[in-house]
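The block underneath contains the structure these notes are about, expressed in structure tokens.
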Amino acid sequence: MAYAISDDCISCGACAAECPVGAITEGDGKYVIDANTCIECGACAGTCPVGAPSQA
Ligand code: SF4
Ligand code: SF4
């Protein structure tokens, strides 16, 4: 399953910079992952300071 970002996101943008396929964009109040683009590498989860991304 693709990764998804929870409401814990503080919109720091760190994950978007690390995503190798550009699946993460800034959304309304938090960042969001395009599930169809995510290749499940886990880089976002490893980068996030608040642990917001997780595998659905
Ligand atoms: Fe991008 Fe990897 Fe996170 Fe998917 S798991 S959104 S490919 S950094
Ligand atoms: Fe949100 Fe975490 Fe991504 Fe920062 S790294 S934008 S807190 S999901």
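In this chain, numbering begins with 1 at the start of the sequence shown. Start at 1 and go down the list; that is how both ligands and their atoms are numbered.
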Considering heavy atoms of the protein only, find what lies nearest to atom 2 (Fe) of ligand 1 and give residue, atom and distance to 0.1 Å. C41 SG, 2.3 Å
Heavy-atom proximity to atom 6 (S) of ligand 2 ranks first, among P49, G13, A45, C48, for G13
For the residue pair Y31 and A16, what are the closest heavy atoms and their distance? CE2-CB, 3.9 Å
Which ligand 1 atoms, with their elements, are less than 4.0 angstrom from a heavy-atom of I24? 6 (S)
P53 and C48 have their tightest heavy-atom pair at CD-CB, 3.4 Å
Quick one: does P53 get a heavy atom under 4.0 Å from ligand 1? no
Give the atoms of ligand 1, by number and element, whose distance to some non-hydrogen atom of I39 is under 4.0 Å. 4 (Fe), 7 (S)
Can you list the ligand 2 atoms lying under 4.0 Å from a non-hydrogen atom of Y31? 6 (S)
Counting only heavy atoms, which portion of T37 has something under 4.0 Å from ligand 1: side chain, backbone, both, or neither? neither
Measure the shortest side-chain to side-chain distance between C38 and V21 over non-hydrogen atoms and say whether it is less than 4.5 angstrom. no
S11 to G29 - nearest heavy-atom pair and separation: OG-O, 3.5 Å
Report the part of V50 in contact with ligand 2, treating N, CA, C, O as backbone and CB onward as side chain, heavy atoms under 4.0 Å; options are side chain, backbone, both, neither. side chain
Tell me, which protein residue and heavy-atom name are nearest atom 3 (Fe) of ligand 1, and how many Å apart are they? C44 SG, 2.3 Å
Side chains of C41 and P20: closer than 4.5 Å at any heavy-atom pair? yes
Trace of the side chain to side chain contact (heavy atoms under 4.5 Å, CB included) decision for I24 with V32: CA-CA 6 Å; I24 308 176; V32 293; over 6 Å; no
Atoms in ligand 1 flagged as close to I33, the criterion being non-hydrogen separation under 4.0 Å: 6 (S)
What atoms of ligand 1 come within less than 4.0 Å of a heavy atom belonging to Y3? 5 (S)
Should one rank A16, G46, C19 by closest heavy-atom distance to atom 1 (Fe) of ligand 1, which comes out on top? C19
Numbered in order shown, the ligand 2 atoms found under 4.0 Å of a heavy atom of I10 are 1 (Fe), 7 (S)
Report whether any nitrogen, oxygen or sulfur of C15 sits less than 2.8 Å from atom 4 (Fe) of ligand 2 (N, O or S, backbone or side chain). no
Distance in Å, C44 SG paired with I5 CD1, rounded so as to fall on 0.5 Å steps: 6.0 Å
When you measure from atom 4 (Fe) of ligand 2 to every protein heavy atom, which one gives the shortest distance, and what is it? C12 SG, 2.2 Å
So which heavy atom in the protein is nearest atom 8 (S) of ligand 2, and how far is it from that ligand atom? I5 CG2, 3.6 Å
For I10, is there any backbone N or O sitting under 3.5 Å from a side-chain donor or acceptor partner on K30? no
Ligand 1 contact on V21 by region, counting heavy-atom pairs under 4.0 Å: side chain
Please report the interatomic distance SG(C9) to CD1(I33), rounded to the nearest 0.5 Å. 9.5 Å
Give the atom numbers and elements of ligand 1 that come within less than 4.0 Å of a heavy atom of G42. 2 (Fe), 5 (S)
Under 4.0 Å from any heavy atom of C9, which atoms of ligand 2 are there? 1 (Fe), 6 (S), 7 (S), 8 (S)
From CD (E40) to CE (M1), nearest 0.5 Å: 8.5 Å
